[in-house]
Amino acid sequence: MAYEAIIGMEVHAQIITASKMFCPCAADTAAPPNTHVCPVCLGLPGSLPVINEAAVQATILTGLALHCEVPSCSKFDRKNYHYPDLPKGYQISQYDLPLCVNGWLDIPDGAGSKRIRIRRVHLEEDTGRLLHEGRHSLIDYNRAGIPLMEIVTEADLRSADDAWYYLTQLRTILRYLGVSTGNMEEGAMRCEANVSLRPVGSAEFGVKVEIKNLNSFRAVRQAIAYEIERQTALLERGERIRQITVGWDEDRHCTVFQRSKEYAEDYRYFPEPDLPPLFFAPAIIDELRQRLPELPEEKAGRFAQEYGIRREDVALLVAERDVADYFEAVLQAAPLLSPQTVANWILGELFRLLSEEGIAMADIRVQPEALAGLLKLVNEGVINLGSAKEVFAEMFRTGETADVIIERRGLRQISGEEQLATIVAQALAQNPQAVQDYLAGKDAALGFLMGQVMKATRGQANPQVARQLLQEELERRRTTHS
Ligand code: ADP
Ligand code: MG
Ligand code: ZN
C-alpha cells in the first residue's frame, strides 16, 4: 500500500528585545552564566512579572506578516510542570487565547506554490539552559525568561522538502521583520516536527510522532525523511504506530525513542493571575500593520517586474534583506547599469568571496557605491572584465575603491588602436606558423594569437579592439599573399 506523509511544525523563535519577557534583566544569552538574573526570572516567591511590550509587538508583527488574525483579546496562562530549567515550576505561556490565529505562508511546490496554514502564533518565556558535563549538570538562567514566540502550523506539509521550504521561508520573514535572528545552530530558532502517515486517498490522519532535537535545517530534513521511512516499514509489517516523542540523533543518523505520548501530559493550564489580559483596539493593530516592511514575496514580485531579472536570481536576491537592499543601492548609485549584470556580480563574485572568507553580508567592506563605480569603469572600457574581477577581490579585502586599485596596479585597459596595433604586429611577427595556419583556414589560430596579445599586455588589452585589429591585419595579409 502507498502512504502519504502528513507533517505539522511547531517553531520556537527567540525574540530580539533588550530585556526579558517579564523582568528588566538583559536578554543576553552570550553573557557569562547566571549574570542576568533577578527574583522574577529566578522564580523567587513574592516577585511579580511585568509584560514586555516590545515582545508583544514583535509577536503581532510576525502574525501579521503570516496573514494571521489578531483577536481583540488575549491572555497569558500558566503551563505547570517541574523541571530544573524552570525555576518557578511553571512557564508563562498562552493557551486558549493566543495573540495571533488563522494565518498562512506559501511555499514553493513544483512550478507553483502551496499554502501552509498557520494555526497560531503565541508568546511565552524561554526556560534556562542545562549543560550536561560528565556526571554533572549545570544550569544557566540567563536564558530563563527570554521572550519566545511559538508558531504552529496545521498539518499541511507533505514531505521533508516541504518542511525545509517552510522553515526557510519562515526564517526569512523573521529576519526581514528583525524580530529574531532565526539562527537554529545557536538555538535562537528551534523546531519540532510532527509526522504521521496515512494510506493515499484516506481522509483521516494517522497517529503522529513528534521529533525533537532538531538543531539545523539539514537535521530537520534528514529526521523527517528517516521518520517517514521508519513508519512506512512498521505499517508494511502490519504494526501500529505508537504516539511517541523521538529525538534526532545527529551522530547515529536516526530518531531515538524519548517518551510515550499516549497519555496526554496534564499541564493544568490556568490563567496567569499576576498578569492582566490584553485588549487590542483596531487602531493599535493598524499601526503595527503600517510598520511591516516589504516582505520577501512582495519584493520578489517587484524585482521581477521592475528589473526583469531571472526568476532564480530574484529568489536568491530577496532571500536576505541585506542582499536585496545592497542590490538596489548599487542600482541607485548607477541607474544605467543593467540590473541583471548587477545581480550576476552580487550572486557570482560577491557571494563567492563572502563564502570563501566566511563573512556575513552585514560586514562587507565594499560599499554599494563602490561596486557601482567598478561596473561603470567596465562599461566605459577603462578595464576589462578579467581585471575587474581581480580588482573586485581586492576591493573586497581592502575596502578601497576601484580607481585606487586600478591606478596602483596599472590595470587600465589598453584600448588605444595605435598602441595595440604595435603589439598586434609584434604578435604576428613572432608567430609566423600561427599566421600561416590562420591563412590556411584554421580559425583556432586566431584564438592563439589573441592569447599572445593578452599575454604581452598582461591581460590589459581591450579584447574587442585587439580582436578587430588582429583580424584586419590577417585579412590584409591574405590579400597581399594571393
Ligand atoms: P500536541 O497537543 O501533541 O502538541 P497538536 O494538536 O497541538 O498536538 O498539534 C501540534 C502540531 O502537530 C501541529 O503543527 C499540528 O498541525 C500537528 N499535527 C497534529 N496532528 C497531526 C498528525 N496526525 N500528523 C501530523 N501532524 C499533526
Ligand atoms: Mg506539541
Ligand atoms: Zn530577571
Side-chain angles (χ1 to χ4, degrees), residues 3-12 17-29 31 34-44 47-52 55 66 79 81 87-88 92-96 98 101-105 116-122 124-128 140-147 150-160 162-163 166-167 170 191-199 202-212 214 220 223-224 227-228 231 235 240-246 258-267 269:
Y3 296 98
E4 174 184 40
I6 305 289
I7 303 161
M9 304 273 274
E10 296 163 283
V11 171
H12 285 91
T17 50
S19 57
K20 291 189 182 181
M21 188 60 231
F22 299 113
C23 64
C25 290
D28 176 6
T29 45
N34 299 308
T35 49
H36 295 299
V37 292
C38 75
V40 174
C41 55
L42 288 176
L44 301 189
S47 62
L48 285 172
V50 175
I51 297 171
N52 180 335
L66 296 172
K79 178 179 181 179
Y81 67 94
K88 292 195 294 288
I92 305 181
S93 179
Q94 298 197 279
Y95 187 55
D96 53 342
V101 295
N102 297 336
W104 48 265
L105 176 63
I116 308 304
R117 286 169 300 158
I118 306 289
R119 180 185 293 176
R120 59 190 278 152
V121 182
H122 76 238
E124 59 189 33
E125 57 178 336
D126 209 343
T127 59
D140 177 8
Y141 285 119
N142 283 347
R143 201 180 74 175
I146 286 192
E150 179 167 348
I151 303 154
V152 184
T153 72
E154 294 297 340
D156 287 344
L157 302 152
R158 293 291 176 267
S159 65
D162 277 2
Y166 168 74
L167 276 186
L170 179 63
C191 95
E192 283 139 38
N194 298 271
V195 181
S196 67
L197 294 187
R198 70 177 173 193
S202 152
E204 277 149 60
F205 286 169
V207 172
K208 75 175 157 76
V209 169
E210 180 170 342
I211 314 174
K212 289 185 184 286
L214 300 168
V220 172
I224 292 175
E227 192 52 34
I228 291 173
Q231 291 184 23
L235 291 174
R240 80 183 176 94
I241 307 291
R242 288 187 309 139
Q243 191 176 348
I244 55 173
T245 298
V246 297
Q258 282 186 340
R259 62 194 162 93
S260 168
K261 278 193 88 174
E262 296 197 321
Y263 308 97
E265 300 136 277
D266 185 1
Y267 292 117
Y269 277 101

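Because the structure is predicted, anything quoted here is derived from the model rather than measured. Remember, it's 1-based here, ligands and their atoms both numbered in the order they're listed. Heavy-atom basis, side chains included; hydrogens, waters and symmetry copies ignored.
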Run the contact test for Glu192 against ligand 1 with a 4.0 Å cut-off on heavy atoms, strictly below, and give the result.
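Per 4.0 Å heavy-atom rule, Glu192 does not contact ligand 1.
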Can you confirm whether [X] sits close enough to [Y] that some side-chain heavy atom of one is under 4.5 Å from a side-chain heavy atom of the other?
X      : Y      : value
Trp104 : Ile116 : no
Ile7   : Tyr166 : no
Glu10  : Thr153 : no

Give yes or no for whether the N/O distance cutoff of 3.5 Å, strictly under, is met between [X] and ligand 1.
X      : answer
Ala155 : yes
Glu210 : no
Thr153 : yes

Step by step, work out the side-chain contact (heavy atoms from CB on, under 4.5 Å) result for Glu192 and Leu214.
CA-CA 7 Å; Glu192 283 139 38; Leu214 300 168; 5.9 Å; no
Below a 4.0 angstrom heavy-atom separation, can you tell me which part of Arg119, side chain or backbone, both or neither, approaches ligand 1?
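It is the side chain that touches ligand 1; the backbone stays farther off.
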Counting heavy atoms only, which part of Val152 comes closer than 4.0 Å to ligand 1: side chain, backbone, both or neither?
side chain
Nearest 0.5 Å, what's the CD-CE distance between Glu125 and Met21?
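Atom-to-atom, Glu125:CD and Met21:CE are 8.5 Å apart.
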Have a look at the Zn ion (ligand 3) and estimate, to 10 degrees, the angle subtended by SG (Cys38) and SG (Cys23).
110°
Which of the numbered atoms in ligand 1 are under 4.0 angstrom from any heavy atom belonging to [X]?
X      : value
Ile6   : 24 (N), 25 (C)
Glu154 : 16 (O)
Gly206 : 23 (N)
Gly8   : 14 (O), 16 (O), 17 (C), 26 (N)

Walk me through it: do Arg120 and Glu150 pass the test side-chain contact (heavy atoms from CB on, under 4.5 Å)?
CA-CA 8 Å; Arg120 59 190 278 152; Glu150 179 167 348; over 6 Å; no
CA sep, side-chain torsions, deciding dist, call: Arg198, Glu204, salt bridge (charged side-chain N to carboxylate O under 4.0 Å, His left out)
CA-CA 7 Å; Arg198 70 177 173 193; Glu204 277 149 60; over 6 Å; no
With a 3.5 Å distance limit and no angle check, can you tell me whether Asp126 reaches the backbone of Pro147 through a side-chain donor-acceptor pair?
no
Examine all N, O or S atoms of His36, backbone included, and report whether one is under 2.8 Å from the Zn ion (ligand 3).
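Here the distance criterion (N, O or S atom, under 2.8 Å) is not met by His36, so no.
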